[in-house]
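A note on names: the letters A, B, ... follow the listed sequences, proteins ahead of strands, and every chain is numbered from 1. Side-chain atoms are counted along with the backbone in the values below, which use heavy atoms only and exclude waters and symmetry mates.
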2 protein chains.
Amino acid sequence: MAQSAQLQERINAFPTACRGAGLKVTPQRVAVYSMLVKTTQHPSPEEVYSEIRKLSPSISLATVYKILDMFMLKGFIRRVSTQDQVSRYDANLAPHDHLICSGCGKIQDIMGDEPQMRQPSGNQTNGFQVVSSEIHYHGFCGDCASVN
Amino acid sequence: MAQSAQLQERINAFPTACRGAGLKVTPQRVAVYSMLVKTTQHPSPEEVYSEIRKLSPSISLATVYKILDMFMLKGFIRRVSTQDQVSRYDANLAPHDHLICSGCGKIQDIMGDEPQMRQPSGNQTNGFQVVSSEIHYHGFCGDCASVN
DNA sequence: GTGGCTGCAAAGCTTTTGCATGTTC
DNA sequence: GAACATGCAAAAGCTTTGCAGCCAC
């Protein structure tokens, strides 16, 4: 599938991007980045940690936090807004929208029409300069809809 | 202004709504509800607490948390999604969109066109049933835009 | 009077910080 | 070899919980 080849390409480009940003390339950073690029979920630090621990049991949770912060600072990933108490991260930097399940809390990405085009309507913006936008759809995913 | 009369009406209706939901009406609950209805901000528990403390110094932070949870459960208020580490609450239950300032973190409400009408485009929804939606506009508010 | 609510204090999570050791370049 | 990253442990937030006393109904 073309999609996964594209992801692999981003992973291959990571060491160069990393050094370009003035960061050293370490196994821990490669592991965190690869995991975030590959998943369609929006994992929390704890989830990143336990996933990576399967392969590299010596990694520490504090390191995961430090790496995520650093990646945010360098613009490699971004934080997703959530209503619950944990941070969630996303390596998909293309503008896209979210389906948020009120049942299980899962967040699914969907591509928007032309999200760059959206502007707030009316004159209530008070000089606000829009840089980007995303739609949050709340509801129930396939699994949870069948239960409710 | 018609707007503030409408808010006052919601505050006046609160004791009845409260009892209707099987809750006792206490000064603390009235204070929390009034504060949330009146503000156009989206205060965190800590902010609710310190605001109410000015008038009723004996209220405790744990009580504020319990009241906010109970109000959520009863559908009087809702939690707003944020990227930072604190919960924020909103008593404005009408569908509306948000302007989120990347500079100062402030979240401003704006009314959408006809938000009920929005549906995710394409066929990537995988059986997801949309209940509601809101647009998050990211950018810089009037104050922060002039600095940047 | 009773059940539910409040306030206090303690505990539980998530996240951050400091520092010695280890790794990348 | 120097600068930076990691891992550990401790600390710092934010939030939840348990329980005795108090208040609304």
Any donor-acceptor pair under 3.5 Å between the side chain of B/Lys66 and the base of C/dG4? no
Does D/dT15 have its OP1 or OP2 closer than 4.0 Å to a side-chain nitrogen or oxygen of B/Gln85? no
Using 30° and 60° as the class limits, which term best fits the ring planes of A/His136 and B/His136: parallel, tilted or perpendicular? parallel
For atom CD of A/Glu9, decide whether the heavy atoms of other residues, nucleotides or ligands shown that lie under 6.0 angstrom number more than 12. no
Checking contacts here: which listed nucleotide (D/dT17, D/dG7, D/dT15) is nearest the side-chain heavy atoms of A/Gln28? D/dG7
If you find the nucleotide of DNA chain D closest to B/Leu23 and the one closest to B/Leu61, which residue's nucleotide is nearer the 5' end? B/Leu61
Within the structure shown, what part of the strands sits under 4.0 Å from B/Thr26 by heavy-atom distance: base, sugar-phosphate, or nothing? sugar-phosphate
Determine whether any donor atom in the side chain of A/Lys24 lies under 3.5 Å from an acceptor atom in the base of D/dA3, or the reverse, and answer yes or no. yes
Would you please confirm or rule out a distance under 4.0 Å between OP1 or OP2 of C/dT15 and any side-chain N or O of A/Tyr65? yes
When rounded to whole Å, the CG to P distance for the pair A/Leu68 and D/dA5 reads 15 Å
What is the distance, rounded to the nearest whole Å, between atom CD1 of A/Ile67 and atom P of C/dT16? 14 Å
Answer yes or no: does a side-chain N or O of A/Ser60 lie under 4.0 Å from OP1 or OP2 of D/dC8? no
Apply side chain to side chain contact (heavy atoms under 4.5 Å, CB included) to residues A/Ile77 and A/Met72 and explain how you reach the verdict. CA-CA 5 Å; A/Ile77 63 175; A/Met72 287 259 293; 4.1 Å; yes
Minimum-distance nucleotide to A/Pro27 side chain [options: C/dT24, D/dT15, D/dT17]: C/dT24
Pick one: which of A/Arg79, A/His96, A/Gln41 meets side chain to side chain donor-acceptor pair (under 3.5 Å) with A/Asp90? A/His96
Any residue of residues 32-55 of chain B with a heavy atom less than 4.0 Å from an atom of DNA chain D: B/Pro45
Distance in Å, B/Met70 CE paired with B/Cys18 SG, rounded so as to fall on 0.5 Å steps: 9.5 Å
Any A/Ser87 side-chain nitrogen or oxygen under 4.0 Å from OP1 or OP2 of C/dT15: yes
Give me the ring orientation class for B/Tyr33 and B/Phe14: parallel if the planes are under 30° apart, tilted from 30 to 60°, perpendicular past 60°. parallel
In whole angstrom, what separates A/Asp69's CG from D/dA5's C1'? 14 Å
Within the side chain of A/Lys106, is there an N or O that forms a donor-acceptor pair under 3.5 Å with the backbone of A/Cys101? no
